[in-house]
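Notes for the one structure printed next.
Because the structure is predicted, anything quoted here is derived from the model rather than measured.
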Amino acid sequence: MVQVSSPVLYVNSASGNDSAAGTQAAPFKTIARALQQIRSGTTIQLSAGTYDTTSGETFPLFIPAGVTVIGNESNKGNGILVRGGGTYLSPTWAGQNVTFRLDTNAQLRGVTVTNPNTRGTGAWAESTAPTIANCTFTGSQREGVYATGTANPIVSDCVFTQNNGNGIAITRNAKGELRRNVCQNTGFGIAVSDNSAPLIIENRLFENRSGIVVSNSARPVLRGNTIERNTETGISVIGSAIPNLGSSQDPGGNIIRDNTDVDVENATNVTIASAGNQINPSRVRGVIDFIVSQVPTPSPTPTPAPTPSPTPTPAPTPTPTPIPTPTPTPIPLPTPTPIPLPTPTPTPTPTPIPIPTPTPTPTPTAGITDIRGHWAEAFIQSLVTRNLITGFPDSTFKPENSLTRAQFAAIIAKSFNLPLKQPGTNFSDVPSNFWAAEAIAKANRMGFITGFPDGTFRPGLNLTRTQAIVALVSGLGLSGGTPNTLALYSDRAQIPSFATDRIATATQQRLVVNYPNVSQLRPLQEITRAEVTTFIYQALVATKQAPAIASIYIVNPDTAIAGGFTDVTNHWAKDFILGLSGQDLIQGFADGTFKPDAPMTRAQYASVIAKAFNPAPRRNGLNFPDVPGNFWAKSAIEQAYRAGFISGFPDGSFKPNQNITRLQLVLSLVSGFNLSPADPNILAVLDDRTAIPQSFQDRVAAAARADLIVNYPNQKQFNPNQAASRADVSAMVYQTLLRDGRVAAVDSGYILNA
C-alpha cells in the first residue's frame with residue numbers, strides 16, 4: 001500500500017527496550033508493550049527475531065480494531081517468529097490457548113506464528129472480521145487460524161505447515177474468505193464445521209491428512225482450489241454438511257486428484273453437486289452429481305433472475321453437534337472436552353419446515369424468540385408485522401438459515417403486486433398442488449425469477465446473495481449505478497460478470513445490506529433468511545412502500561463518489577483511483593486527501609505492486625545498501641524486485657525515495673507480467689514517440705497493445721520522462737488488473753488506443 005501518515009511503533013526483540021519510545025532508533029522490546037501504546041490506525045513494525053516469553057512477551061496478544069502488526073510480507077514472515085500462547089476464555093468454546101487474538105479490522109501480516117502449548121492455536125478470530133495475510137503458521141499443537149462465532153475473517157496468501165490439528169478451522173456461524181493459502185503437512189488442511197459458510201478460493205492443499213473436511217451443517221463455497229496428494233482424502237463431507245462445488249452458471253474450477261484414499265468422500269445422505277471441477281468419478285466415494293455447466297447469456301436490459309446455483313442444499317440441522325479435538329491425531333474442530341470423531345457414515349437430516357407455507361400462520365413479532373439483539377431485528381420485525389414473512393411454529397425465526405427458491409418466490413409474491421410482464425412458464429418440477437406453485441408463477445410472470453434451461457425450477461435449491469439481488473433489480477425494473485459503484489466492495493472480483501450492472505444498480509438504490517463488514521458483498525454465498533429480509537425491506541423503501549430503517553450495514557453509494565478522498569471528485573483519474581481504493585489496493589493520506597497529482601517514489605510504487613498483485617518470486621532477492629532492514633517499504637521492495645517488477649541501479653542502490661517516471665512505470669508492468677514485445681510501429685499514434693528510447697519502444701508497444709497506457713491530458717502524448725503521478729500509477733495499475741479480469745472497465749478518453 002502507499003505510505004500513509006499513520007503512527008508506526010517499532011519493536012525489536014533483540015535490541016529493543018520497553019522503556020524506550022518505540023521509534024525506529026529506539027524500538028520497544030516486546031509486542032505487548034507496543035500494544036499498550038497504540039491507537040486505531042497504528043502500525044506495529046517487527047524486526048527480525050524471536051518474540052516469546054523469554055524475550056518478555058505476555059500472551060495472548062490482542063490486536064485491537066484498526067491496528068496492524070507487520071513483519072516481512074515478502075517472505076511470509078521468515079525470521080520473525082512469535083512463539084507462545086496464553087489462556088483465552090472463548091464465549092463459544094470456553095478455555096483456549098491462543099497466540100494472537102484479533103478484533104474487527106485488525107491486521108496480522110508477514111509474521112511466523114507458533115503455539116507449542118497444549119491445544120495451542122496461532123490466531124483466533126471470534127465474531128470479528130480481521131485480515132491475516134502473508135504469514136506462516138507452523139508447529140502449533142492444534143491449528144494455525146481458528147474462526148468462530150460470527151467471525152468473518154480474510155485469510156490470504158499464508159502458509160500452514162506442520163500444525164498438529166488443522167491449518168485453518170472455521171466453526172459455529174463463521175464465514176469469511178480463505179484465498180491463495182498453502183496448507184502442507186498440517187493435519188487437516190482446512191476444517192469447516194457447524195453452520196459456517198466460508199468462501200474457500202484458490203488455495204493449495206497437499207500432503208496433509210485430508211485436504212478439506214466439512215462436517216455438521218457447514219456450507220462452504222469452494223472455487224479454484226488444488227487439492228492433491230493428501231494421505232487420506234481430498235475432501236471429506238460428513239454429517240449434514242454440503243459444500244458448494246460449483247453450479248451451471250458458476251463452475252467450481254477445483255482440481256482434486258491423486259489423494260491416497262479417495263479424492264472426494266460424501267458420507268452424508270444428500271447428493272453433492274459438482275460442476276466444472278477436475279475430479280475423476282472413479283475416485284469418488286458416495287453420491288456426487290456431476291453437472292455440465294450451462295452458463296446463460298443475460299439480457300442487457302432487466303430480465304428475470306439468471307440461472308441459479310444448482311447445488312441441492314437442504315436447510316441446516318436444528319442442533320448441530322460440534323466436532324471435537326481428540327488427541328493425539330489431528331481432527332477438524334475442537335471442543336473444550338474431547339469426544340470421539342463421528343464415523344463418516346450417512347447421517348439422516350431432519351426434514352426442514354418450509355417457510356412460508358401455503359397457508360402460513362404469522363408468528364407475532366413479540367412472540368419470536370431468537371431475533372432479540374440480532375443485527376437485522378428491525379427489518380425482520382417490520383416484515384413480520386406486515387405479514388410478508390413468517391416465523392416457525394416453535395416461535396423462532398432462524399435468521400441464519402438459508403432460503404430456498406420456492407420460499408423466496410413466496411415472499412416476493414406477497415411483497416409485490418406488479419404488472420405481469422411475461423407469460424407463465426410451466427415448470428416440470430412444480431406440480432399444480434405444490435405449496436408454492438401460485439407464488440412461483442406470480443413471481444415468474446412479474447419478472448423476478450426464471451427457471452433452468454432444462455425447463456425445471458428446482459424449488460428446493462438455496463438462493464445465493466447475487467441471485468437475490470439480481471432478481472429484485474430485474475423484477476422491479478430498477479436502474480442507476482455505474483461499475484465504479486462496485487469499488488465499495490473489497491470482494492468485487494467475485495461478482496459474476498452477468499450480475500455486475502444489476503448489483504451496481506442495487507447498490508445505487510440502497511438495496512444491499514452487508515453484515516458484519518459493509519464492504520464485503522460475499523456474492524457467491526447462500527443468502528440467509530435475515531439477509532433476504534433486509535433486501536426485501538430495502539426494495540420496499542426504494543419503491544416508496546416502507547419508511548427507511550437506520551442501519552450501519554446498509555451500503556451507502558455516496559461513499560463511492562469520492563471514495564472518502566476530498567480531492568478526487570472531479571479528477572480525471574477518479575474512477576481508477578476509486579477502483580483501487582475500493583479494494584484496499586491503494587490508500588490516501590491521514591488528512592482525507594489522495595494527492596493524485598503528487599509524484600510517486602520508487603518505494604511507494606513497490607508497495608502498490610506488492611499490494612495489488614502479491615506477485616510470486618522469479619529470482620533471488622538482493623540487499624540494497626540504501627534500503628535498511630527497518631525501512632518501512634523493505635518487504636514490498638524485496639517482493640517487487642524478486643518478482644521482476646523493479647530493479648536497482650548499476651551502483652547497487654535502489655534509491656527508494658527517487659520518483660518513478662512514466663516510462664519506468666510502463667516498463668515495470670511489462671516486465672513484471674512478462675508481456676511479449678510488440679511492433680514499435682504501434683507507437684506511431686504518439687506525438688512524442690521519438691522521446692522514447694529506441695531500445696524500449698517494443699516494450700512500450702507491448703503495454704499499448706494491452707491497453708495499459710493512460711495519457712492525460714493528451715492521449716497522444718506519452719511524456720516518458722515525466723514523473724509518474726499517483727493518478728498515473730493508479731490508472732495504469734488499474735488497467736493491468738482489468739487485463740486479468742479483476743476489475744470492471746473504466747470509460748476513459750485517456751486510455752491509449754493503439
For [Y], does its backbone N or O pair with a side-chain atom of [X] as donor and acceptor, under 3.5 Å?
X: T466; Y: P523; result: yes
X: S382; Y: A378; result: no
X: K442; Y: I412; result: no
X: R445; Y: P423; result: no
X: N444; Y: G424; result: no
X: S748; Y: Y750; result: yes
X: R739; Y: L708; result: no
X: N203; Y: I201; result: yes
X: R529; Y: G391; result: no

If you take all heavy atoms of [X] and [Y], which pair is closest and at what distance?
X: G246; Y: A275; result: C-CB, 3.7 Å
X: I449; Y: A409; result: CD1-CB, 3.7 Å
X: D707; Y: Q735; result: O-NE2, 2.9 Å

R372 and E377: side-chain contact (heavy atoms from CB on, under 4.5 Å), yes or no, with the steps? CA-CA 7 Å; R372 180 69 60 84; E377 178 181 5; 4.0 Å; yes
CG of L403 to CD1 of I411, rounded to nearest 0.5 Å, is 5.0 Å
Any chance you could measure L580, atom CG, to K611, atom NZ, to the nearest 0.5 Å? 12.0 Å
Is a donor from one side chain sitting under 3.5 angstrom from an acceptor on the other, for N462 and E526? yes
Have N517 and N152 got a donor and an acceptor in their side chains that come within less than 3.5 Å? no
Under 6.0 Å from the CD atom of E438, do we count more than 12 heavy atoms belonging to anything else shown? no
Check whether more than 12 heavy atoms from other residues, nucleotides or ligands sit under 6.0 Å from atom CG of D597, and answer yes or no. yes
With side-chain contact (heavy atoms from CB on, under 4.5 Å) as the test, would you mind laying out the steps for V384 and T390 before giving the verdict? CA-CA 6 Å; V384 170; T390 64; over 6 Å; no
Before giving the answer on ring-ring contact (aromatic ring centres under 6.0 Å, His included), spell out for F408 and F448 the whole-Å C-alpha distance, their side-chain angles and the decisive distance to 0.1 Å. CA-CA 10 Å; F408 180 68; F448 284 93; 7.8 Å; no
For side-chain contact (heavy atoms from CB on, under 4.5 Å), just list the numbers for L521 and I469, CA-CA rounded to whole Å, side-chain angles, deciding distance to a tenth of an Å, and then say yes or no. CA-CA 11 Å; L521 180 66; I469 292 170; 4.1 Å; yes
Test side-chain contact (heavy atoms from CB on, under 4.5 Å) on I609 and L669 and set out the steps. CA-CA 9 Å; I609 290 299; L669 295 173; 4.1 Å; yes
Going by the angle between their ring planes, with limits at 30° and 60°, are W375 and Y515 parallel, tilted or perpendicular? parallel
Taking only residues two or more places apart in sequence, or in another chain, which ones meet A546 in a side-chain contact (heavy atoms from CB on, under 4.5 Å)? R386, Y537, L540, V541
